[in-house]
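Structure record follows, encoded as structure tokens.
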Amino acid sequence: MSTSLYTTEPPNLVASDGWCKSPKFSSGASNLCFYQNVFTPVTMSVENSKKRLERCVILDLDGTLLNTDGIVSEALKVYLVKYGKQWDGREAQRILGKTPAEAAAILVEEYMLPISTNEFISETSSMFSDQWCNIKAMPGANRLIDHLKHNNVQMALASNSPRENIETKILYHPGWKDSFTVIIGGDEVTMGKPSPEIFLEAAKRLHIDPSKCLVIEDSIPGVTAGKAAGMNVVAVPSLPKQSHLYTSADEVNNSLLDLHLEKWGLPPFEDWIEGTLPIKPWYVGGPVINGFGRGSKMLGIPTANLSPKGCSTVLSENPMGVYFGWARLSTRGIYKMVMNIGWNPYFNNAEQTIEPWLLQEFGEDFYGEELRLAIVGYIRPEANFPSLDRLIERIHKDRRIAEKALELPVYSEYKDDPYLTNPLHGDKSHL
């Protein structure tokens, strides 16, 4: 069967934070599709991190805590048809982090629309606001907010969006509004990001020196604003393959799941278990398809693929990285599995893939057979590898971590998940 790949460990994190430390198990052949990565975290030095003990966290909203990009893209696809245009996402990076007026001006110019910026805003405002109730929290957002609140760390929400829009969006996420000591919108300052004004105003309202604030942002304008305000900034890019652009950030993470708050003098997360992070389960499935043919030939690891076309929602809503859980083949049974979501930069894949590896010996291929996956835990972000040997070594290490973790009650209970045990009559992937 075919394959994709895995990814490298986050630099300087494996040893220092206890990631991926597990006893060595013997590993046999396996089966299903695999991974690779495009993300390499940029980390500040340990010495520097000890100098700065943060007292509060200032968070951006859209793209950082809320997965707004997908909602905006879908609305623009519908709207631009009115003018005979087609949204292709090419301007997503340019409008990321901009104020509504700035983003509107860019789109009007780029698509040569026969309207003014104000007319664009007027025509699209209701389209966007009607969808605010459907915006999902970014993976790790609720975990982060709950953790900081539980540990009495002050939080501020600072977004280029108008204050009214912010209030409406967070209304659909119970507990969020009351978790923030300060909420400030782009219409409450003279200049939005990349000006530092909004972050300086947030620090002022918190009565905390700006140098004692940690900013978490997804956009380059937001990172620029935070650094100009004299704050440490952790970037969590919301668009893929963009981490190399965030050179001014103090750290660049693949997702909120990868935050290590103790590096900033903040209380550490305590929910990692033997190198794994329990997550809210999500599900995906479909027929096993032909892949790249690399698994057995190059890696010695027979793998199989799910079609990315049938998994587009899952791919857009979950961070690139290495996960694990349970897999069911329609005519064979339920097995442990480890998987990657990513771009496979080692082989320079053109599209993102979901590549699970069933941790079981199979004597034959099973193309076309229905496969269901229940993803219950996270191991690490994607990254690139310096050699094929390092890639293979990391794949087997992830396998050992997953095999051991799936014996724990927090993960083993999902082997009986209804999504896996119910009869397979076609598949409808869901979260």
Side-chain angles (χ1 to χ4, degrees), residues 7-17 19-20 35-52 54 57-69 92-94 96-97 138-141 143-144 158 193-194 196 199 213-266 268-269 277 318-322 340-346 352 378-386:
T7 60
T8 60
E9 53 267 317
N12 303 322
L13 291 181
V14 175
S16 63
D17 296 311
W19 282 19
C20 308
Y35 18 137
Q36 212 70 359
N37 341 22
V38 297
F39 178 75
T40 302
V42 178
T43 57
M44 64 181 292
S45 68
V46 174
E47 180 182 0
N48 190 32
S49 68
K50 290 181 178 179
K51 292 180 181 179
R52 295 284 294 270
E54 311 301 357
V57 177
I58 304 177
L59 293 150
D60 174 54
L61 182 62
D62 298 307
T64 301
L65 295 177
L66 291 179
N67 189 6
T68 315
D69 297 341
Q93 180 62 46
R94 285 188 63 195
L96 185 66
M138 296 292 283
R143 170 181 178 249
L144 174 62
K193 307 168 191 175
F199 288 129
C213 299
L214 176 67
V215 170
I216 301 178
E217 265 281 356
D218 76 300
S219 73
I220 292 176
V223 170
T224 302
K227 294 307 298 177
M231 302 174 180
N232 276 330
V233 181
V234 173
V236 186
S238 57
L239 296 178
K241 298 186 177 183
Q242 301 296 319
S243 62
H244 64 286
L245 300 177
Y246 290 73
T247 54
S248 64
D250 296 283
E251 179 176 275
V252 183
N253 281 327
N254 180 55
S255 75
L256 296 177
L257 300 178
D258 302 304
L259 292 175
H260 287 260
L261 298 174
E262 64 274 18
K263 295 172 63 177
W264 310 99
L266 295 166
F269 289 109
L277 177 65
N318 291 281
M320 297 178 294
V322 180
N340 182 83
I341 297 180
W343 299 89
N344 304 328
Y346 189 85
Q352 199 174 4
Y378 176 75
I379 296 177
R380 61 184 175 80
E382 279 198 315
N384 206 345
F385 290 93

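What you see is a predicted model, and the numbers here were worked out from it, not measured in a lab. For the single chain, residues carry numbers from 1 onward in sequence order. Only heavy atoms go into these numbers, but all of them, side chains included; no hydrogens, no water, no symmetry mates.
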For the residue pair [X] and [Y], establish whether any side-chain heavy-atom pair is separated by less than 4.5 Å.
X    : Y    : result
V236 : V252 : no
Y378 : D258 : yes
L266 : L214 : yes
H260 : E251 : no
V223 : S248 : yes
Y246 : P237 : yes
L256 : P139 : no
W264 : D250 : yes

Legend entry - Rounded distance (nearest 0.5 Å) linking atom CG of L65 with atom OG of S238: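 Reported value, rounded in 0.5 Å steps: 11.5 Å.
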Taking the side chain from [X] and the backbone from [Y], do they hold a donor-acceptor pair closer than 3.5 Å?
X    : Y    : value
K193 : F199 : no
T64  : D218 : yes
N254 : M320 : yes

Legend entry - For I341 against Q352, the heavy-atom pair lying closest together: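 Minimum heavy-atom separation between I341 and Q352: CG2-NE2, 3.4 Å.
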Inset, instruction - Of all the heavy-atom pairs spanning P196 and A229, show the shortest one and how long it is. - result: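 Heavy atoms only, the tightest pair is CB-N, 3.6 Å.
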Legend entry - side-chain contact (heavy atoms from CB on, under 4.5 Å) assessment of V234 paired with V215: CA-CA 6 Å; V234 173; V215 170; over 6 Å; no
Inset, instruction - Using the side chain to side chain contact (heavy atoms under 4.5 Å, CB included) rule, pick out the option among N253, L144, N232 that qualifies with I216. - result: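 Going through the options one by one, the only one that passes is L144.
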Inset, instruction - For M231 and I58, run side-chain contact (heavy atoms from CB on, under 4.5 Å): C-alpha distance rounded to whole Å, both residues' side-chain angles, the deciding distance at 0.1 Å, then the answer. - result: CA-CA 10 Å; M231 302 174 180; I58 304 177; 3.9 Å; yes
